[in-house]
Amino acid sequence: VQLQASGGELVQAGGSLRLSCGASGRTFRSIGMAWFRQAPGKEREFVAFINWSGAYTYYADSVKGRFTISRDNAKNTGNLQMNSLKPDDTAVYYCAAGARTSDYRDEYTYWGQGTQVTVSS
């Protein structure tokens, strides 16, 4: 499975962005996917995950109520809708996929290249 994240850009605090993750291969449709992010000088941290069918989602406390993860298996894509953005959301955002849905990054086998999100105050 190859993943490619896109949609990151500069946005003002309070604004919205929608990140997309395009996937190759049929395997993507049967495995979970997640978004992680990494700010400068910090560890890569979990943001959200969604199971293979889209029926189950889970969010980090820092984004709960503001971000929504979704997927479209017919199109082999995943998305992260980000609303009410804050400067603390500034990071490189990575999509990931793996057989087990988890908030632990080592559970994910496949990773995209990352897309930069910058939120100005």
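Fair warning: this is a prediction, and the values are worked out from it, not measured in the lab.
- Among residues two or more places apart in sequence or in another chain, the salt bridge (Lys or Arg N to Asp or Glu O under 4.0 Å) test is passed with Arg66 by Asp89.
- Contacts of Ser120 classified as side-chain hydrogen bond (donor to acceptor under 3.5 Å, both in side chains), with partners at least two apart in sequence or in another chain: none.
- Legend: residues meeting side-chain hydrogen bond (donor to acceptor under 3.5 Å, both in side chains) with Ser53, ordered by chain and number and at least two apart, are Asn51.
- A donor-acceptor distance shorter than 3.5 angstrom exists from the side chain of Gln113 to the backbone of Ala5, with no hydrogens or angles considered.
- The side-chain contact (heavy atoms from CB on, under 4.5 Å) search around Ser24 returns Gln2, not counting sequence neighbours.
- Residue pairs that meet the disulfide bond (SG atoms under 2.5 Å apart) test with at least one member in residues 13-98, sequence neighbours left out, are Cys21-Cys95.
- Listed by chain and residue number, Arg29 satisfy the side-chain hydrogen bond (donor to acceptor under 3.5 Å, both in side chains) test with Asn76 (two or more places apart in sequence, or in another chain).
- In terms of the ring pair (Phe, Tyr, Trp, His ring centres under 6.0 Å) criterion, residue partners of Trp111 (sequence neighbours excluded) are, by chain and number, Phe36.
- Listed by first and then second residue, the disulfide bond (SG atoms under 2.5 Å apart) pairs involving residues 25-68 amount to none (not counting sequence neighbours).
- Partners of Asn73 under the side-chain hydrogen bond (donor to acceptor under 3.5 Å, both in side chains) rule, at least two apart in sequence or in another chain, are Arg71.
- Taking Ile, Leu, Val, Met, Phe, Trp and Tyr as hydrophobic and joining them when side-chain heavy atoms fall under 4.5 Å apart, one finds Val119 in a cluster with Val1, Leu3, Val11, Leu17, Leu19, Phe28, Ile31, Met33, Trp35, Val47, Ile50, Tyr59, Val63, Phe67, Ile69, Leu80, Met82, Leu85, Tyr93, Tyr110, Val117.
- Judged as a side-chain contact (heavy atoms from CB on, under 4.5 Å), and not counting sequence neighbours, the contacts of Ala39 are Lys42, Ala91.
- Checked against salt bridge (Lys or Arg N to Asp or Glu O under 4.0 Å), Asp61 has the following partners two or more places apart in sequence or in another chain: Lys64.
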